[in-house]
Q: 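Have a look at this one.
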Amino acid sequence: MRGIQRNFARLLSEVRALVPLAPAPGLRILAFHAIGSSLPFPHYGISMTPARFEQAMSSLVPAQNAGLTDAVSRVDSQAALLALTFDDGYRDVLETAVPILRAHGLAASVFITAAFAAGGAPLYLDRQAIVELSREPRIEIGSHGATHRRLTECSDGDLRNELRDSRHQLEDWIGRPVRTLAYPHGAVDRRVRDAAEEVGYESACTSRFGVNRGGTDPLLLRRNEIVSADSLRVIRQKAEGFWDWKGKVRS
Ligand SMILES: [Zn+2]
């Protein structure tokens, strides 16, 4: 299936390359995790090499980059917008990704799981590092739940606590409002979405591929996930709209 998806995206981008067009309108959100850390658990490749990340950031210029909250406020325009996000709060975001983002003048949102931050594991940003990260002018701090549980499986009480406690904890640490959320594991349904709105989040990211346009529910934003196996070409395709169709099919 993956091979077919890659070939389809390649075909689309080759056809598109024949006709020089402006980037397709809409807000595309890329989802990264770790940059450079070797992760202690088996995974499908969510830690990208710093070299690949640097190459990708150098080439993602065609769309207008904006922080998530800013981008969502402009989603009704005909602009092609690109937001960058990082899930889980790995320490390498501060140490490796931020210097690269800064060098290219790029904004990003970092979604922190409060329990990972408080847990003391060196792999994750701790409180002090999160405060440092929040002082970066183009970095926005968002919540990724209190404990990274699947919110769709939580009782109503636990759901509210996961959403509210993580927000309050982060706001207490960084001294400014936390307006945005990424649903852990991408697990969201109508009840979870409504609870996020009730708790006060203004936007929230799913893990479903696709483009966000005027009329998109800001609490059900689509995102294109980047994995470590993605070539530079595939990363660019995901940023430019050639993988938008993937959110419409089951994989
Ligand atoms: Zn996560």
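Atoms within each ligand, like the ligands themselves, are counted from 1 in listed order.
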Q: Can you list every pair that meets ring pair (Phe, Tyr, Trp, His ring centres under 6.0 Å) and has a residue in residues 170-215, with sequence neighbours left out?
A: His148-His185
Q: Check side chain to side chain contact (heavy atoms under 4.5 Å, CB included) between Ala195 and all other residues, then give those that pass, not counting sequence neighbours.
A: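 Counting only residues at least two positions away or on another chain, Ala195 forms a side chain to side chain contact (heavy atoms under 4.5 Å, CB included) with Leu159, Leu163.
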Q: If we only count heavy atoms from C-beta on, is the Arg28 to Glu240 side-chain gap below 4.5 Å?
A: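 Side-chain contact under 4.5 Å: no.
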Q: Under the criterion salt bridge (charged side-chain N to carboxylate O under 4.0 Å, His left out), I'd like the reasoning laid out for Arg222 against Asp244: C-alpha separation, chi angles, the key distance, then a yes or no.
A: CA-CA 9 Å; Arg222 288 169 177 254; Asp244 294 350; over 6 Å; no
Q: Could you work out, with ring-ring contact (aromatic ring centres under 6.0 Å, His included) as the rule, every residue matching Phe86, not counting sequence neighbours?
A: Phe32, Phe53
Q: Are Thr69 and Glu140 close enough that a side-chain donor and a side-chain acceptor fall under 3.5 Å?
A: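 Side-chain D/A pair, Thr69 to Glu140: present.
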Q: Mind checking how many protein N/O/S atoms fall short of 2.8 Å from the Zn ion (ligand 1)?
A: 3
